[in-house]
Enquirer: 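Sharing a structure here in structure tokens format.
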Amino acid sequence: MAKYSRVSESVGLITLQNPPVNALSAAVRQGIVDTVERALSDPKVKSVVICGQNGIFCGGADIKEFGTNMSGPLLVPMIHAIEAANKPVVAAIEGSALGGGLELALGCHYRIAHSKARLGLPEVTLGLLPAAGGTQRLPRLIGVPAALDLITTGKPLDARRISTYPCPRPSDLDALFEGVMEKVRQSARGAIAPVACVQAVRAAATQPYTQGMEREKELMATLFTSGQARALQYCFFAQRAVSRWSMPNGARWDTSKPRPVHKAAVIGLGTMGRGITVALAQTGLSVIAVETQEKQLMDAKQAVSGMLERGARRRGVAPALDKISYSHDIQAVADVDLVIEAVFEDMGLKKKVFQQLASICRPGTFLCTNTSALDVDHLASQTHNPELVVGMHFFAPAHVMKLLEVVYGPRSSPQAVATAMQLGKKMGKVSVAVGNCPGFVGNRMLKPYMEQAFFLLEEGATPELVDRALEEFGFPMGVFRMSDLSGLDVGWRVRKGDGLAEPGAPSGQPARIRQGRRYSPLGDLLCEQGRFGQKTGQGWYQYNKPGSQVARSDPWLHSFLEGYRAQHGLVARRIDNQEVLDRCLYALINEGFRILEDGIAAGPEDIDMIYVFGYGWPRHRGGPMFYASMVGLGKVLERLEHYHQAHPDVPYLKPCSLLWRLVASGSPPLHKWREVIRKLHSQL
Ligand SMILES: CCC[C@H](O)CC(=O)SCCNC(=O)CCNC(=O)[C@H](O)C(C)(C)COP(=O)([O-])OP(=O)([O-])OC[C@H]1O[C@@H](n2cnc3c(N)ncnc32)[C@H](O)[C@@H]1OP(=O)([O-])[O-]
């Protein structure tokens, strides 16, 4: 696991060998200890070089070992021994030196890095801190401010020449640490690792090395056993697991070959279409951007160019303006490899576009829709080759948000899914393959979550109370602030389409019952008043002016809620944070179990990654299904039953049969759920 050789007579060369990233497993650590000892005791050897095989220095500690009984030499004494060596030891860094890998390099006396190498301490993203001396050595090497930045964000750096480093000279250390701590607490949203990172670097800056190392060890011990570290490490593997997709018909990632896509088209240049165009062009594809309205086309061209220029400035590259050609004629897409339709969310309009595409595009062109909830199979049936049709559901802003739901219908070919998944990966997205149903995975689960929030308002809560509870849990925005941001009219249009938001219920039907179940018309009533959220300056909150983002509590809304309750004979009761979390989150999780039961998502990791990357679910809580497994499935079931008994007219609160089954089979850990689901499907 660490090869030893002697080069040029006097140089001992130690090569880390543990594909794919030379992670520091027990065997590698043992290999390093043995080979360092050998080099130091060989009188012919005057200096030692440590490098990694296959162009990568080292990806850090072996994360897979974290959940196990760790054996083998410890990293800290191993690195100390290298630092204490009486012969010069040099780290020769190619590819990546991350986490424990960089800490190993920091223990060496010199470091030489390839100009393309990436160096970083990403431990914080796994809920940990660099506890092999990283928080103590790095500030000593590059200064406190730069070390704080690297350690608290986990972002990697390119290798740089020393002359380009700013000179580390903090004038007021206390103010610096307080400032960083404040910033970290705000952006961490309840994550404890970034805070511990600041505390550890503070020890480096204020205490002797040995005491600093003690502090680092103590903080790491707290993090290591925290549920947050488990959740973040779960996310690391889940993010990689979702690329190994499978479909219920047995098609899989490793047996389906994607087709290369060089030229793509985007139809419809509203907010989504513009973002998708930018994302494709930045990936290096040629893009035909189509918008039939001349004025809209001109506006879109200006907006897309602006986005590309800003992005290029940030990344220090040339903007990919010449990758895009604009057209108001859909015929321009005749020779592309793949089309992404992003017109207005209206089935009639989308059907028409698909019929046109089917007759214009050359045979074999993949036709994708960016719908967020409509039936992909129905669109596929408008074409001659339904096997070439899949959904590519991007999230706004499409060139920024990491999530892509790739939606397959019953007739989508494995090759079409593989091609969309690979294109997503090229665009830097976390692509998750999901089945076709209204709302797919993400928006389908959002429905019961939002419904509960509305019901809580009817029962006595305020938007402020509900949002605060969800934000304290770790969401960047509560449900009502989010709804104001994305526009209340969007959901209103969908509810009208579903025959729910009729002004005045059909005769004989109470206003709070629709289609035989409890319904809250609160959102519809606000829309009827023209309160669409931020864009109109009023929604669940009030804003200084239309477009402003600073939400303020609105006395009008509070008296509106009181009037509404009085009109419907509802008596407001006290609702606490726990009830908000229980009702909103467990209703969402229950739908997640239904999605697994229906085979719409292949496993809980898929759902979790959709929520972490697309819906602001706090990463340090691992995603909704992971969270349910941490809370305990028995408890989730018991709470759902309790609330369903209290609200029998709310079907979303009725625990679904997969949850019952999992609890009946002893609440197995999340990685075993697939077995229970498989059994369930084989019995159906
Ligand atoms: C005492 C404290 C010590 C210390 O402070 C703690 C640490 O070091 S914490 C650690 C701090 N270090 C980090 O957080 C670095 C985490 N790693 C990365 O950021 C990227 O993997 C890297 C940039 C290295 C390569 O990117 P890429 O080229 O796009 O490749 P890829 O990402 O697709 O990975 C390929 C395969 O390798 C697997 N695997 C990777 N790393 C590890 C690991 N450390 N372990 C185990 N496995 C690892 C990965 O799961 C995947 O497996 P599979 O079965 O094929 O799905």
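Everything numeric in this text was worked out from a predicted model, so none of it was measured.
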Enquirer: Please step through side chain to side chain contact (heavy atoms under 4.5 Å, CB included) for the pair F394 and M401, ending with a clear verdict.
Expert: CA-CA 8 Å; F394 290 83; M401 290 290 284; over 6 Å; no

Enquirer: Could you tell me if the side chain of R315 sits less than 4.5 Å from the side chain of Q282, heavy atoms only?
Expert: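 Touching, per the 4.5 Å side-chain cut-off.
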
Enquirer: Should the pair D158-R118 be classified as a salt bridge under the 4.0 Å nitrogen-to-oxygen rule?
Expert: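 So D158 pairs with R118 through a salt bridge.
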
Enquirer: Take L585 and L470 through the test side chain to side chain contact (heavy atoms under 4.5 Å, CB included) and record every step on the way to the result.
Expert: CA-CA 9 Å; L585 302 186; L470 294 167; 4.3 Å; yes

Enquirer: Apply salt bridge (Lys or Arg N to Asp or Glu O under 4.0 Å) to residues R674 and E605 and explain how you reach the verdict.
Expert: CA-CA 10 Å; R674 281 177 200 242; E605 296 85 355; 2.9 Å; yes

Enquirer: Rounded to the nearest 0.5 Å, how far apart are CG of N590 and CG of L659?
Expert: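 So the gap between those two atoms works out to 6.5 Å.
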
Enquirer: Would you call R202 and D174 a salt bridge, using N to O less than 4.0 angstrom?
Expert: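 Yes, this pair counts.
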
Enquirer: In terms of relative ring orientation, are W617 and F475 parallel, tilted or perpendicular, with 30° and 60° separating the classes?
Expert: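 The arrangement is perpendicular - the two ring planes meet at more than 60°.
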
Enquirer: Under the side chain to side chain contact (heavy atoms under 4.5 Å, CB included) criterion, do M630 and R230 qualify, and how do the steps go?
Expert: CA-CA 10 Å; M630 286 291 101; R230 275 184 71 184; 3.4 Å; yes

Enquirer: Per the side chain to side chain contact (heavy atoms under 4.5 Å, CB included) rule, which among V441, V242, L404 passes with I610?
Expert: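 The side chain to side chain contact (heavy atoms under 4.5 Å, CB included) with I610 is passed solely by V441 among V441, V242, L404.
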
Enquirer: Sequence neighbours excluded, which residues qualify as side-chain hydrogen bond (donor to acceptor under 3.5 Å, both in side chains) partners of D254?
Expert: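 Expected list: R252.
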
Enquirer: Once side-chain hydrogen bond (donor to acceptor under 3.5 Å, both in side chains) is applied, do any residues pair with R621, and if so which ones, sequence neighbours excluded?
Expert: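 Not a single residue meets the side-chain hydrogen bond (donor to acceptor under 3.5 Å, both in side chains) criterion with R621.
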
Enquirer: Looking at side-chain heavy atoms only, is the closest gap between V676 and P668 below 4.5 Å?
Expert: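 In contact.
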
Enquirer: Using the side chain to side chain contact (heavy atoms under 4.5 Å, CB included) rule, take T152 and V201 through it: C-alpha gap first, then chi angles, then the decisive distance, then the call.
Expert: CA-CA 10 Å; T152 58; V201 177; over 6 Å; no

Enquirer: Taking ring pair (Phe, Tyr, Trp, His ring centres under 6.0 Å) as the definition, give me every residue that meets it alongside Y611, ordered by chain and number, with sequence neighbours left out.
Expert: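 Y611 satisfies ring pair (Phe, Tyr, Trp, His ring centres under 6.0 Å) with Y615 only.
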
Enquirer: So, for T35 and A2, which heavy atoms are closest and what is the spacing to 0.1 Å?
Expert: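 Looking at all heavy atoms of both residues, the shortest contact is CG2-O, 3.4 Å.
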
Enquirer: In the structure I gave you, are the side-chain heavy atoms of E103 and L121 within less than 4.5 Å of one another anywhere?
Expert: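 Yes, at least one pair of side-chain atoms sits under 4.5 Å.
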
Enquirer: When the side chains of residues 180-198 are checked against the rest of the protein, which donor-acceptor pairs come out under 3.5 Å, sequence neighbours left out?
Expert:
from, atom 1, to, atom 2, distance (Å)
E182, OE2, Q186, NE2, 3.4
S187, OG, K183, O, 3.2
R189, NH1, G474, O, 2.1

Enquirer: Looking only at heavy atoms, what is the nearest atom pair of M609 and L403, with distance?
Expert: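 That closest heavy-atom pairing would be O-CD1, 4.3 Å.
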
Enquirer: Is the count of non-hydrogen atoms from other residues, nucleotides or ligands lying under 6.0 Å from I575 atom CD1 greater than 12?
Expert: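 Yes, because the 6.0 Å sphere around CD1 of I575 holds more than 12 heavy atoms from other groups.
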
Enquirer: Would one find more than 12 heavy atoms of other residues, nucleotides or ligands at under 6.0 Å from atom CZ of R314?
Expert: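 Counting other residues, nucleotides and ligands, CZ of R314 stays at 12 neighbours or fewer.
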
Enquirer: Side-chain contact, heavy-atom cut-off 4.5 Å: I595 with D606?
Expert: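 Counting from C-beta outward, I595 and D606 never come under 4.5 Å.
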
Enquirer: Quick one, I50 and C108 - any side-chain contact, counting heavy atoms below 4.5 Å?
Expert: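 Yes. Closest side-chain heavy atoms under 4.5 Å.
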
Enquirer: Is it true that E218 and R215 make a salt bridge, defined as a side-chain N closer than 4.0 Å to a carboxylate O?
Expert: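 Counted as a salt bridge, because a side-chain N and a carboxylate O are separated by less than 4.0 Å.
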
Enquirer: Are F593 and L633 side-chain neighbours, meaning at least one heavy-atom pair lies under 4.5 Å?
Expert: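 They are in contact (side-chain heavy atoms under 4.5 Å apart), so the answer is yes.
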
Enquirer: Can you list every pair that meets ring-ring contact (aromatic ring centres under 6.0 Å, His included) and has a residue in residues 221-240, with sequence neighbours left out?
Expert: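 Listed once each, the pairs are F66-F224, Y234-F626.
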
Enquirer: Do D467 and V479 come within less than 4.5 Å of each other through their side chains, counting heavy atoms only?
Expert: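 SC-SC contact between D467 and V479 confirmed.
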
Enquirer: With a 4.5 Å heavy-atom cut-off, do P145 and L176 have their side chains touching?
Expert: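 Of all side-chain heavy-atom pairs linking L176 with P145, at least one is under 4.5 Å.
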
Enquirer: Test: salt bridge (charged side-chain N to carboxylate O under 4.0 Å, His left out). Region: residues 20-44. Which pairs qualify, not counting sequence neighbours?
Expert: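 Matches after skipping sequence neighbours: R6-D42, R29-E65.
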
Enquirer: More than 12 heavy atoms of other residues, nucleotides or ligands under 6.0 Å from NZ of K87: yes or no?
Expert: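 Counting neighbours around NZ of K87, more than 12 heavy atoms of other residues, nucleotides or ligands fall under 6.0 Å, so yes.
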
